[in-house]
There are 2 protein chains.
Amino acid sequence: MEKGKVIPVCDVEIIDEKKVEAAREKIENIDQVLGMADIFKLLGEPTRLKIILALENSELCVCDLAATIDSTVSAVSHQLRLLRNARLVKYRKAGKLVYYSVEDEHIDKIIEQVKEHIEE
Amino acid sequence: MEKGKVIPVCDVEIIDEKKVEAAREKIENIDQVLGMADIFKLLGEPTRLKIILALENSELCVCDLAATIDSTVSAVSHQLRLLRNARLVKYRKAGKLVYYSVEDEHIDKIIEQVKEHIEE
DNA sequence: AGAACATTTGAACACTTGCGCAAATGTTCT
DNA sequence: AGAACATTTGCGCAAGTGTTCAAATGTTCT
């Protein structure tokens with residue numbers, strides 16, 4: 001780079017118009033893309049992922065959940081709210097206790113797939 | 001809540017020891033859990049997810065990638081670095097251009113699974 | 001009603017992170 | 001060598017986020 005010239009950055013120019021058009025179809029449904037990102041983001045945080053994993057087999061109350069993943073009740077509760085809002089977990093009240101479990105079996109498949117990816 | 005009493009929070013006490021022990025096995029391999037979270041986190045950001053989706057069918061150069069997802073070359077390049085480091089995408093140089101493509105077919109399966117989850 | 005306790009929640013804080021900008025790098029031309 | 005251009009990268013910042021602490025809520029007892 002020399003002189004005070006304007007540095008053009010490939011921004012408007014498109015190299016291969018056809019491929020761009022084809023690829024655009026993959027992300028044209030923006031709501032779907034953002035929805036997927038939301039799910040991934042929720043699973044992409046260690047505390048939340050641990051919660052989901054811990055609940056894979058059986059329901060647990062918040063207290064035991066915190067003990068299981070070695071966190072605090074407060075931290076777990078905060079994250080459970082996000083998982084609840086996204087319908088990734090469901091809950092059932094039993095007196096003072098609240099038992100959480102995974103809402104959807106898809107989640108297990110997704111996790112299994114990623115586990116395979118890791119272990120290759 | 002009354003008086004200046006200490007507020008005990010269920011922290012040491014465990015309600016159901018057996019279930020906690022069982023659930024702990026699911027997250028005992030902490031490296032695996034963190035590795036999975038890393039993958040999810042990468043896919044959990046709209047720009048990065050769009051990149052992966054755009055590359056699903058065919059490779060694209062950085063310039064076209066930016067045009068496809070309607071972002072800037074700089075932003076795309078920054079995110080590509082993360083995806084490269086995690087081996088989610090691979091690249092091939094062709095003169096001034098660098099063509100990126102998805103590294104692993106597992107990713108497509110994972111995305112397909114999440115897509116199904118969204119659409120239910 | 002009041003004590004005890006599991007859970008939730010709001011605020012504050014430290015920390016992370018995606019992106020814009022400018023400069024650097026690498027390649028292909030003349 | 002130098003121009004042109006695609007891509008990468010370091011820096012800085014605004015926005016986002018996870019955790020802690022304290023207080024509130026809800027439930028089950030006596």
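Everything quoted here is computed from the prediction, not taken from an experiment. Below, chains carry the letters A, B, ... as their sequence lines are ordered, and counting in each starts from 1.
Nucleotide dT17(D) holds its C1' atom 19 Å from the CZ atom of F40(B), rounded to whole Å. We find that CG of L82(B) is positioned 15 Å from P of dT16(C), with the value rounded to whole Å. Distance L43(A) CG to dG18(D) P: 12 Å, rounded to the nearest Å. A straight line from CG of N85(B) to P of dT17(C) spans 13 Å, rounded to a whole angstrom. Atom CZ in R81(A) sits about 13 Å away from atom C1' in dA11(C), given to the nearest Å. Distance I69(A) CD1 to dT19(D) P: 8 Å, rounded to the nearest Å. Separating the CG atom of D70(B) from the P atom of dG18(C) is a distance of 19 Å, rounded to the nearest angstrom. In this structure, L83(B) places its CG atom 14 Å from C1' of dT17(C), rounding to the nearest Å.
No side-chain heavy atom of H117(A) sits under 4.5 Å from any side-chain heavy atom of M36(B).
Residue contacts for L65(A): at a heavy-atom cut-off of 4.0 Å it reaches no nucleic acid atom on any strand shown. Among the heavy atoms of the strands lying under 4.0 Å from Y100(A) are primed sugar atoms or P, OP1, OP2 only; no base atom is included.
Put simply, Q79(B) has no side-chain N or O that comes within less than 4.0 Å of OP1 or OP2 on dT17(C). Taking side-chain N and O atoms only, K93(A) has no distance below 4.0 Å to OP1 or OP2 of dT7(C). Checking the phosphate oxygens (OP1, OP2) of dT25(D), no side-chain nitrogen or oxygen of K96(A) falls inside 4.0 Å. In this structure, R48(A) does not reach the dT17(D) phosphate: none of its side-chain N or O atoms is under 4.0 Å from OP1 or OP2. Not one side-chain nitrogen or oxygen of S74(A) sits closer than 4.0 Å to the OP1 or OP2 atom of dT8(C).
Contact record, Q79(A) with T47(A): CG-CG2, 3.9 Å, taken as the closest heavy-atom pair.
With salt bridges taken as basic N to acidic carboxylate O contacts below 4.0 Å, one links R24(A) and E21(A).
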#### Entry: Strand DNA chain C in bracket notation, Watson-Crick/G-U under 3.5 Å with | for pairs to another chain
||||||||||||||||||||||||||||||
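Comparing A75(A) and Y91(B) by the nucleotide of DNA chain D whose heavy atom lies nearest to each, the residue mapping closer to the 5' end is Y91(B). Closest-nucleotide positions on DNA chain C for H78(B) and V76(A) were compared, and the one nearer the 5' end corresponds to V76(A). A residue-by-residue look at G95(A) and E45(A) shows that E45(A) has its nearest nucleotide of DNA chain D further toward the 5' end.
Listed nucleotides dA6(C), dT19(D), dT7(D) differ in distance to L97(A); the shortest reach to its side chain belongs to dA6(C). When each of dT9(D), dC19(C), dT7(C) is scored by its nearest atom to the side-chain atoms of R84(B), the top-ranked nucleotide is dT9(D). Taking every side-chain heavy atom of S77(A) into account, dT9(C) is the closest of dT19(D), dT17(D), dT9(C). In this structure, the nucleotide among dC19(C), dG18(D), dT7(C) sitting nearest to the side chain of T47(B) is dC19(C).
Applying the side-chain contact (heavy atoms from CB on, under 4.5 Å) test to E28(A) and every residue at least two apart in sequence or in another chain returns E25(A). With sequence neighbours excluded, the residues forming a side-chain contact (heavy atoms from CB on, under 4.5 Å) with R81(B) are R84(B), N85(B), listed by chain and number.
Here the CG-CD1 distance, from L42(B) to I107(B), works out to 9.0 Å after rounding to the nearest 0.5 Å.
Around atom CZ of R87(B), no more than 12 heavy atoms belonging to other residues, nucleotides or ligands sit under 6.0 Å away.
Tested against I51(A), the residues L80(A), L60(A), T68(A) include a single side chain to side chain contact (heavy atoms under 4.5 Å, CB included) partner, L80(A).
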